[in-house]
Each structure stands twice: as structure tokens, then as C-alpha cells.
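Structure first, then comments.
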Amino acid sequence: MNKPVDPNVSNFIRNIIDEDLASGKHTTVVTRFPPEPNGYLHIGHAKSICLNFGLARDYGGRCHLRFDDTNPVKEEEEYMESIKEDVRWLGFDWGEHLYHASDYFEQLYEFAVKLIKKGKAYVCHLSQDEIREYRGTLTEPGRESPYRNRSVEENLDLFERMRKGEFADGECVLRAKIDMASPNVVMRDPILYRIRHVSHPRTGDRWCIYPMYDFTHCLSDALEGITHSICTLEFENNRPLYEWILEEVFDGPHPQQIEFARLNLSYTVMSKRKLLRLVEEGIVSGWDDPRMPTIAGLRRRGFTPEAIRDFCDRIGVAKANSVVDYALLEHCLREDLNQRAERTMAVLRPLKVVITNYPEGQVEYLEAVNNPQDPSAGTRQIPFAREIYIEQDDFAEDPPKGFFRLAPGREVRLRFAYFITCTDVIKDEAGNIIEVHCTYDPETKGGTAPDGRKVKGTIHWVSVEHSLPAEVRLYDHLFTKEDPNEGDLSENVNPNSLEVLTDARVEPRMQAAKPLERFQFERVGYFCVDPDTTAGRLVFNRTVPLRDSWAKIQKS
RNA sequence: UGGGGGAUCGUCUAACGGCAGGACGGAUGACUCUGACUCAUCUAGUCUAGGUUCGAAUCCUAGUCCCCCAGCCA
């Protein structure tokens, strides 16, 4: 954690904890992050991770990582590994406190038996459709199941036989006996256990009955001594059930469920279902496509854990549904990268410049600062020669008003090198500019003129002979709409979310760049080395462009 | 039309009966060997209508709008 915690952070959950601590209700804070291992983590999960682990850190408590693995049909071991990797990468440590809901299956079974013995649960043989019918609707009460008043003995026997595998999938379920007329549908005799003759990633074939979320979660929390069980808004309706179950069977202290609004980000989607769709329809290359809001995607894109944590701190925590502006995420990223990314020069769309008065065959090495924000990053030597590449955008034959880059007759500074003045524009038969001729002023070596004259523009460059070819992948929002859910998702996909440039040129130092290493391409943006990079082929992802006030002026 | 939640600058979020504050975005300017960074100034808000109070974003009443719930998913 590179940043000290702002002592002024205030949100409704901290207020609750402060009160609980002050009143003596709790003497410590124990939270948990409880993902279901059925997919990849995304930035919405990062919010929850930062919240839960952050609270534990700030209050000197602890935060458990618990896999909510109660549905073997959807869950896989592979996901558990990726989740652990992502949480660790984000910078959090659960220490000894790694748990699985499946660790509690035996205890959970005993709690269910206890409930049956209290006459508060029963085995129901209604079919799935019948259960739905009997449940009633939002405005009409449900009806009681004909199996609702079976004797305790019969229920005990039936439940045991469910465990033994005497029933087929779907033949019966264990239900809580609460209130079929409750205005809260969750309380209309909710299902506690269902039968699934499926082997579980962790318990194998030991069980063929699996507890439902509502039964599992509250008891898992209680067993682990969780004090504050923080979840998202859609579980608000489940809170009465959470409390009912604990009240009925759990003797120790009860955790308190607190709900907060999940993260929504403009120009992206956050639901696992929709993310899966993007992958399956080939709209993106995979879960770690750099355009994905998954932790894996963000990592590959070049995001830092520090930037993501800072973002999560800044968005706050509240109960109102909201959509955070993507620009805030970009701001956090740039702020972090500006401090730590070494600078380099790279030309994305090359335009050849011949410096006609520079001796042929001569090469000079010029000193360049690696990171003006961090003197300890040192300097490097960059080769300069008669032929260089500059960015096509940095030259205009007919410069618009306010343009102070290279143009016929104009003098600009080549960063860390010399002042050059454009003398000629070379075109092909079609009239395309293919080369620009300039002269340089030998007196301006290093970038300053002894006579004190100033130039308005400084542009970046690389040597034709010494630079390395590279592929550069430019990313934009995956969707064209702030809210991609408005209308048909696939129609809102941004056709220009990926642009591949294959003719980019980078400084020779990039030969040594390692996958995921981050750089600032001066005047262009922050980039990171894509894992697709091989010995003979450099591939960069644009993490985020630099702010560009010239582009803004041009637009208006 | 049942139940549960929620509405504060364009966006996100503080203020817990006592000066509506911060951040992002936007605008303007300064600086500049990155049109970056940084700095400065500005911009802009309490859903509506009543009420209580010396004083209301906050308490009360009545509305309006938005979200969630009828999986043997979580």
C-alpha cells in the first residue's frame, strides 16, 4: 500500500463500524470477500475487495477470502486459482484465512437437522414448477405445500435419505418453514438444500445434496466470526432470511449484513453473463483481452494495482445506484503511471525526416532523462543520425492555426536532440507526403540554443537505422454508449475499440523490455509490453493516452 | 397494483439540526526540452410541495422518479 490511508474517508459502513466499536457491540472488525468460483474477477469485485480488506486493515481486524462453492454445476477449481492470483495482485493478503463454504458442509448439515428438529424445516416433494406456482406472486400470497406439515421424524428420515442419495435430482428439497404469505417472497418457505448428483471440485462425491446460498452464507459468516458481512444491494431482500436462520440455529454472535451499491462504470459492462457473452461471441479475444474490465484484462492492458486501489478509494461507498465516469479510472492510472513509468520515444505512424546538413554515416548518442518525476530513474543514451522518423501528426504542410509543430519553414526542437527547420516536402506521384527534408542547427545540441532563441514545439523522434519495429495496439472504449445496456448490447460494441499499428518504431532500448513492463511513450501515452511479444516481435498495448489539449483545440 | 431500498454540482461522494465541502470532468490562465506533469482561478448541486425550528440536505407529512425481489443461481 503505497498511499497512506486518508483519515477523513467517511462512508456509511465506516459510520456503522465506528458506532459498533463505540457501543461495545464489537471489539474488532472481521470482514470477508466471498466470491463464487464461477468466473473471473472484474473491477466491480475490486471495489468489494478494497472495501473489505481495506476495512480490516484500517480497523486492525482481518479479512477472510472465502469461496462460496455451493453449486458444483457452475464452479471450477481453475477459477479459484485465478481469483487468488487477482486478489494477491491487487495487493491484499488473507494470511491464514482462506476458507471454502464447502469446508462447512458437515456443520451446515447439522444446522439443517437442528432446524428440522425445531419444526422449522421440512422436506418438500413438490416439483420445481409446483414450487414456483405455490410461491404466489409479488402481489398475491403463496400457498402452503402439502408436505409442509410432515412430522419431525419423517423429515429427519427423509433428509437423511436425501443425503444418502436415495432420491434423484429435483425429486425433493429441504425447505425452511417460515411464512407462505410473507410480502417478502424470499421468506415464503425458501429452499435450503437441493439434490445434485454432481461431483464437487473440493468434496468430490461425498455429497449429493448442496446447501443454497441463503442457508450457507449467513452460517459461514457466523462460523468464521465475521462481524460485518458486506454485500451488494440485491441481497437486501435476503437480509430477513439471513437473520432468521441465525436466530433459529446459531448460538454465538451474529454477523451483521450490510449492503452497498455495486460499481458501474461508463462505457463498460460488469455482469459475468455479459462478459461471458463478449468472450463467447468473439467480440474480445478472451477474459484477459485488454479491453475487458476484468482484473486479468486490466493487468494485461497495463493498469497498476495501485491505480485500481486508488480508484476504489475515490469512488466511495454508498447505497445509491450510480455509474462512475471512466475518466476517473483513467485519471487514477495516469497519476500513478506518471510517477513510475520510464519515458521512451516511440513513433506510432512514422514519417521519414532527412537532415540534409547532417553528415552521412554519423551517429551521436544523446542523453535523455528516463523519468523527470523521478531523478533516481537516471538517464539513457539515444542514437541520433541523419535519417529519423517523426510522427505523421507532428508535420503539417499547411499548418492550421495554433499548430506549433513541424511545417515548411518552421523550426522545432527534436526532444533531447537539435533544433531542425523544414526545408522541403517530398511527395509521391499520388501527392502523398513520403519524406520531409530539414536542416539542423549544430549549436542546439541537447535541445537549447546558445543564442537564447526559443521554439514553440518539441517533437519526439527515433533514428531510422537504430530504431526497432513494433506492433502497437490502441484501445478505446469497448462500447459506444455510456450505458451499453441501453438497447442491444452487440449493437453498442465500438467497432474501433482496437486499432493495430504494425509500422511503429521504438527506441533500441526496448529490445530489453519484458512482458507487462510499462513505459510512457513521450507525448503519446502509457504503454505496456504485451505478453504476445517474442524475441523477434515487440508488441505494445496502449494503457491510456496522455491528455491531449491540442486534440481538444482541434475538435472545437 | 405487495415488499425492500434509493434520490446532494454533468459524474462520484462528504456534511448526522448550525458556513453545502472534496474529487473527476469542463473552462480560462501561468509554467514547460513531453500541447504531458504541475500550479492558479472559475464552473456547477440538496427530486417536488408543504410543515416543525432562531436555523433543515438532515426531522415530520404528502407526492414524483429510479433500482431490487416471484432460480432447486449467487
Side-chain angles (χ1 to χ4, degrees), chain A residues 6 8-12 15 34-36 38 68 70-71 73-75 124 126-128 131-133 135-142 169-175 182-188 190-196 210 212-214 216-217 231-240 259 261 263 266 272 314-332 334-335 338-339 343 345 368-369 372-373 402-405 413-417 419 444 446-448 454-460 482 520-525 545-553:
Chain A
D6 181 351
N8 297 317
V9 288
S10 176
N11 61 54
F12 78 100
N15 293 345
E36 182 188 13
N38 71 341
D68 217 336
T70 59
N71 186 357
V73 176
K74 293 164 69 177
E75 297 149 5
C124 182
L126 248 25
S127 71
Q128 199 165 155
I131 285 182
R132 183 168 41 242
E133 265 180 61
R135 187 152 34 220
T137 69
L138 294 180
T139 50
E140 303 158 44
D169 286 8
E171 205 174 328
C172 55
V173 293
L174 182 73
R175 291 229 250 170
S182 172
N184 180 355
V185 187
V186 171
M187 300 298 274
R188 320 240 260 231
I191 292 167
L192 269 19
Y193 269 87
R194 77 288 217 185
I195 298 169
R196 287 232 202 291
Y210 293 96
M212 299 286 288
Y213 166 84
D214 286 305
T216 310
H217 207 89
C231 63
T232 45
L233 251 30
E234 67 269 24
F235 291 100
E236 229 157 6
N237 294 314
N238 301 53
R239 192 172 62 227
E259 310 86 10
L263 171 67
S266 57
K272 279 185 192 170
R314 291 197 199 210
I315 56 178
V317 182
K319 292 200 71 161
N321 287 312
S322 60
V323 182
V324 176
D325 193 339
Y326 196 89
L328 179 60
L329 218 207
E330 293 188 320
H331 169 81
C332 295
R334 290 193 185 104
E335 192 174 77
N338 180 45
Q339 295 304 318
R343 316 283 126 125
M345 290 197 285
V369 174
Q373 307 293 323
F403 185 87
F404 44 81
R405 276 110 96 146
R413 170 169 37 234
L414 291 175
R415 175 127 238 232
F416 303 124
F419 286 10
T444 57
T448 46
K454 301 285 185 193
V455 287
K456 202 85 163 94
T458 299
I459 64 176
H460 60 277
E482 278 192 35
Q520 183 198 95
F521 289 180
E522 292 220 22
R523 303 208 311 131
V524 179
L546 249 32
R547 290 184 56 142
D548 185 354
S549 54
W550 171 238
K552 228 180 255 179
I553 292 166

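All figures in this text were calculated on a predicted structure; none of them were measured in a lab. Below, chain A is the first sequence line, B the second, and so on; all start at residue 1.
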What distance do [X] atom [atom1] and [Y] atom [atom2] have between them, rounded to the nearest 0.5 Å?
| X | Y | atom1 | atom2 | result |
| --- | --- | --- | --- | --- |
| A:T137 | A:R135 | OG1 | CZ | 11.5 Å |
| A:D325 | A:E330 | CG | CD | 8.5 Å |
| A:L328 | A:Y326 | CG | OH | 11.5 Å |
| A:E335 | A:R314 | CD | CZ | 4.5 Å |
| A:I191 | A:Q128 | CD1 | CD | 7.5 Å |
| A:L546 | A:E522 | CG | CD | 9.0 Å |

Check every atom of [options] against the side chain of [X] and return the nucleotide holding the closest atom.
| X | options | answer |
| --- | --- | --- |
| A:R196 | B:C73, B:C67, B:A36 | B:C73 |
| A:K319 | B:A23, B:G6, B:A36 | B:G6 |
| A:A318 | B:U13, B:A15, B:C12 | B:U13 |
| A:E236 | B:G10, B:G5, B:A70 | B:G5 |
| A:P183 | B:G3, B:A74, B:A70 | B:G3 |
| A:H331 | B:A36, B:C24, B:A74 | B:C24 |
| A:R523 | B:U34, B:C72, B:C69 | B:U34 |

Atom-to-atom span, [atom1] of [X] to [atom2] of [N] - whole angstrom:
| X | N | atom1 | atom2 | answer |
| --- | --- | --- | --- | --- |
| A:K74 | B:A74 | NZ | P | 7 Å |
| A:H460 | B:A36 | NE2 | P | 15 Å |
| A:N338 | B:G35 | CG | P | 14 Å |
| A:K454 | B:U32 | NZ | P | 7 Å |
| A:R334 | B:U38 | CZ | C1' | 15 Å |
| A:Q339 | B:U34 | CD | P | 16 Å |
| A:L263 | B:U11 | CG | C1' | 13 Å |
| A:F235 | B:G71 | CZ | P | 15 Å |

Should the side chain of [X] and the base of [N] be counted as holding a donor-acceptor pair, with the cut-off at 3.5 Å?
| X | N | answer |
| --- | --- | --- |
| A:R343 | B:U34 | yes |
| A:N237 | B:G3 | yes |
| A:R132 | B:G71 | no |

Which protein N or O atoms sit under 3.5 Å from an N or O of nucleotides 39-42 of chain B?
none

Side-chain heavy atoms of [X] within contact of [Y], under 4.5 Å:
| X | Y | answer |
| --- | --- | --- |
| A:R343 | A:R415 | no |
| A:Y213 | A:E36 | no |
| A:I131 | A:R175 | yes |
| A:N238 | A:H217 | no |

Short side-chain N/O contact to [N] OP1/OP2 from [X], under 4.0 Å:
| X | N | answer |
| --- | --- | --- |
| A:R547 | B:G26 | yes |
| A:T139 | B:G3 | no |
| A:S10 | B:A15 | yes |
| A:R194 | B:A74 | yes |
| A:S549 | B:A36 | yes |

Is there any protein nitrogen or oxygen under 3.5 Å from a nitrogen or oxygen in nucleotides 19-21 of chain B, and what are the pairs?
none

Within the 4.0 Å heavy-atom criterion, would you say [X] contacts the bases, only the backbone, or no part of the nucleic acid?
| X | answer |
| --- | --- |
| A:N238 | base |
| A:E522 | base |
| A:T448 | base |
| A:M212 | sugar-phosphate |
| A:K552 | sugar-phosphate |
| A:L233 | nothing |
| A:R415 | base |
| A:V455 | nothing |
| A:F404 | base |
| A:V524 | nothing |
| A:Q128 | base |
| A:G402 | base |
| A:S127 | base |
| A:R135 | sugar-phosphate |

Complementary nucleotide of [N], counting Watson-Crick and G-U pairs under 3.5 Å:
| N | answer |
| --- | --- |
| B:A62 | B:U48 |
| B:U41 | B:A27 |
| B:G21 | B:U13 |

| query | How do A:N11 and A:T444 order along RNA chain B: which one's closest nucleotide is nearer the 5' end? | reply | A:N11

| note | Per nearest nucleotide of RNA chain B, the residue lying toward the 5' end, A:F521 or A:F12, is A:F12

| B:A23 and B:C60: how far apart are their C1' atoms, nearest whole angstrom? |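 Approximately 34 Å lies between the C1' atom of B:A23 and that of B:C60.
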
| request: Using the P atom on both, measure B:A49 against B:G29 and round to a whole Å. | output: 39 Å

Looking at [X] and [Y], would you say the former's side chain and the latter's main chain have a donor-acceptor pair under 3.5 Å?
| X | Y | answer |
| --- | --- | --- |
| A:R334 | A:P545 | yes |
| A:T458 | A:R413 | no |
| A:N15 | A:S10 | no |

| request: Could you pull out all residues at least two apart from A:R547 that satisfy side-chain hydrogen bond (donor to acceptor under 3.5 Å, both in side chains)? | output: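 Expected list: none.
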
| message | Stacking between A:W550 and B:G35, defined as ring centres under 5.5 angstrom apart with planes under 30°, is that present or not? | response |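 Answer is yes, a stack.
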
| Is B:G71 syn or is it anti, if syn means the base angle is within 90 degrees of 0? | syn

